[in-house]
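First comes the structure, then the notes that go with it.
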Amino acid sequence: MSSLDAILAGKYPAKAHARRVAGYLQERGHGGSGVIYLEAQKTRLIEDNDEAMPFRQRRFFYYLSGCLLPDSRLTYDIKSDKLTLYIPPIDPDEVIWSGLPLSPAQAQKQYDVDRVLSTTEVNTTLASIASAHNGKAVAFAIADQISDDIKFQNFAETNLSALKAAIELTRIIKDGYEIALLKKANDISAKAHIAAIEASKTATNELEIYGAFIATCIANGCTEQSYHPIVACGENGATLHYQKNNDNLVDSVTKQRKNNVLIDAGGEYRAYCADITRVFPLSGKFAPETRQVYEIVLQMQSECIAELKDGVQWEDIHALAHRIAIKGLLKLGILRGSEDELFEKRVSVAFFPHGLGHYLGMDTHDTGGNPNYDDKDPMFRYLRVRGNLPAGSVITVEPGIYFCRFIIEPFIHSPELKHYIDTEVLERYWRVGGVRIEDNIHITRDGYENLTTAPKAIEEVEKLAL
Ligand code: GLY
Ligand code: MN
Ligand code: MN
């Protein structure tokens, strides 16, 4: 068993998470006695059909339970430090179709909770917690995530605002078990990225590459995708979140295979996400223009990653990526002018329009980033994380350079900015589409740990694609 699998053979640290969330609430003035109440996602049927909708566990519930069962609930009595999981009772009609559900005794062995009861016992347990605290306890829950049958009787107060924010902020800093889950998701996704490159050699359509990625994820234990994969050949790579994944790899006019494929895809492992982007050539070797752009993006990424450590200001790293992009595009002749002027005028935003990265965890765009989408500065508007990165956080570093007509043309037509872009040189680069390289980075006290193992060195990628 690998050391990673040995860690993951243990229980998800639900109790430690409950304590951290309670501690956070207490630090913010919610002292005294209280109970945290959370519900799992419910089993929901498709609107006009008797099949269940695809299930995705509520992350708030999972964080304090490690339980992927639908229709479950939990309470955490803060003062007595007692975490209780409630699972649905046996429904004899359902057993015919689905077999026996997990028993409370089995659940007790599997999850890091103090006891397991039936969901029929939630209200009596809540009532006994309230009376144990003489009606002085506060019930913390999340608005719109409380079933109609739940009664917070004899609690001094029901607080529906503090808990969600407390969990969102607590989630920023990952513990060792969570890092192991993210590594596992990354290891499996790296296999899937390699399988996607292998599949591209005989593929005629994006769909075959997309299928190879998902098949490899599932076969290795990532039964869900972190997000809808992006498999974009040629100019499709200029659409940041391209979703169709069904275009032909051969250009209909030139009858040639397109230059390259951008694949942004990651498997989800036990509710933890990988988020990885790679670009590879379709003919075994990068076209010269793609290779030039790839080298710039790789430099943006490696120099930014090298700066990462506890407390670093994310805006500074994002700005550094822009400076490297500007230098690279000046060298290619696509941009004209001085580096400082291009930076001040935000011209590089035409080619790198999104933020450098986001927190990663149970959500691909994980909680706690404190973005400011109303920022008037176009260079920082889409930055999903603002401020200092703490040790223990996990962030994506995903610089890109794109040749998207919709985004670049307003710059070319702007009287103030058009002289900064050489349209004749630019003409040769539209076919590149887009290059983005994305890794998942764990911030540590003195530096960082790169969780992503998918190949990205040019020689390595070309060898796989040949
Ligand atoms: N895959 C979505 C993103 O990178 O943000
Ligand atoms: Mn990302
Ligand atoms: Mn991504």
Side-chain angles (χ1 to χ4, degrees), residues 189-216 229-242 244-266 275-302 325 328-329 331-334 351-352 397-404 425-439 452-466:
S189 302
K191 286 194 176 106
H193 272 273
I194 291 169
I197 300 177
E198 301 279 356
S200 75
K201 295 185 213 175
T202 53
T204 57
N205 192 286
E206 291 166 350
L207 285 169
E208 292 154 78
I209 302 171
Y210 174 33
F213 186 90
I214 292 185
T216 307
I230 297 162
V231 182
C233 66
E235 293 194 20
N236 297 333
T239 302
L240 300 182
H241 285 171
Y242 174 76
K244 293 182 192 150
N245 298 352
N246 64 358
D247 201 4
N248 288 326
L249 303 181
V250 170
D251 187 295
S252 59
V253 178
T254 65
K255 309 292 178 211
Q256 305 274 313
R257 272 167 93 71
K258 293 172 187 170
N259 283 353
N260 39 268
V261 173
L262 180 153
I263 171 163
D264 180 347
D275 181 7
I276 304 168
T277 309
R278 292 293 183 258
V279 174
F280 60 85
L282 270 174
S283 56
K285 227 175 168 40
F286 282 112
E289 290 79 12
T290 309
R291 188 185 172 112
Q292 290 164 343
V293 175
Y294 194 102
E295 281 170 351
I296 298 170
V297 176
L298 199 54
Q299 192 187 356
M300 288 161 78
Q301 200 207 32
S302 59
L329 292 170
K331 213 162 154 194
L332 296 188
I334 294 173
F351 300 91
F352 175 30
V397 180
E398 51 178 303
I401 290 181
Y402 309 87
F403 297 89
C404 174
V425 178
L426 177 62
E427 204 49 43
R428 299 204 312 270
Y429 288 85
W430 295 114
R431 279 168 41 139
V432 172
V435 173
R436 175 166 66 254
I437 305 174
E438 177 175 24
D439 285 11
T452 304
T453 51
K456 64 182 172 184
I458 288 182
E459 300 67 31
E460 211 179 336
V461 173
E462 285 187 337
K463 205 166 148 200
L464 282 166
L466 196 62

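Throughout, numbering of the chain's residues begins at 1 and tracks the sequence. None of these values were measured; they are calculated from a predicted model.
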Provide the full list of salt bridge (Lys or Arg N to Asp or Glu O under 4.0 Å) pairs with a residue in residues 246-261, sequence neighbours left out, each pair given once.
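Matches after skipping sequence neighbours: Asp247-Lys258.
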Are Lys331 and Gln292 close enough that a side-chain donor and a side-chain acceptor fall under 3.5 Å?
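Their side chains do not contain a donor-acceptor pair, so the 3.5 Å distance test is not met.
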So, Glu206 and Tyr242: side-chain donor and acceptor under 3.5 Å apart, yes or no?
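Per modelled atom types, Glu206 and Tyr242 side chains form a pair under 3.5 Å.
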Could you check whether the rings of Phe286 and Tyr294 sit parallel, tilted or perpendicular, using 30° and 60° as the cut-offs?
tilted
So do the side chains of Ile401 and Tyr429 get within less than 4.5 Å of each other, counting heavy atoms only?
no
Any side-chain heavy-atom pair of Asn245 and Asn236 under 4.5 Å
no
Tell me if a side-chain donor or acceptor on [X] pairs with a main-chain N or O of [Y] at a distance below 3.5 Å.
{"X": "Arg431", "Y": "Glu235", "result": "no"}
{"X": "Thr216", "Y": "Ala212", "result": "yes"}
{"X": "Asp439", "Y": "Val397", "result": "no"}

If you look at every heavy atom in Pro399 and Val297, which pair is closest and at what distance?
O-CG1, 3.4 Å
Looking only at non-hydrogen atoms, find the nearest pair between Val279 and Gly434 and report the distance.
CG2-O, 4.2 Å
Say you draw a straight line from CZ of Phe352 to CE of Met300; how long is it, rounded to the nearest 0.5 Å?
4.5 Å
To the closest 0.5 Å, what do you measure between NE2 (His193) and CD1 (Ile276)?
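The CD1 atom of Ile276 is 4.5 Å from NE2 of His193, to the nearest 0.5 Å.
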Lys201 NZ: over 12 foreign heavy atoms closer than 6.0 Å
yes
Is there a salt bridge (charged side-chain N to carboxylate O under 4.0 Å, His left out) between Asp264 and Arg278 once you walk through the steps?
CA-CA 6 Å; Asp264 180 347; Arg278 292 293 183 258; over 6 Å; no
Identify whether the distance between the nearest side-chain nitrogen and carboxylate oxygen of Glu295 and Arg291 falls below 4.0 Å.
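Judged by the 4.0 Å cut-off on N to carboxylate O distance, Glu295 and Arg291 do form a salt bridge.
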Tyr402 ring center within less than 6.0 Å of Phe351 ring center:
no
Does the side-chain contact (heavy atoms from CB on, under 4.5 Å) test come out yes or no for Val250 and Gln256, once each step is laid out?
CA-CA 5 Å; Val250 170; Gln256 305 274 313; over 6 Å; no
Ring pair (Phe, Tyr, Trp, His ring centres under 6.0 Å) with Tyr210: which residues, sequence neighbours excluded?
His228
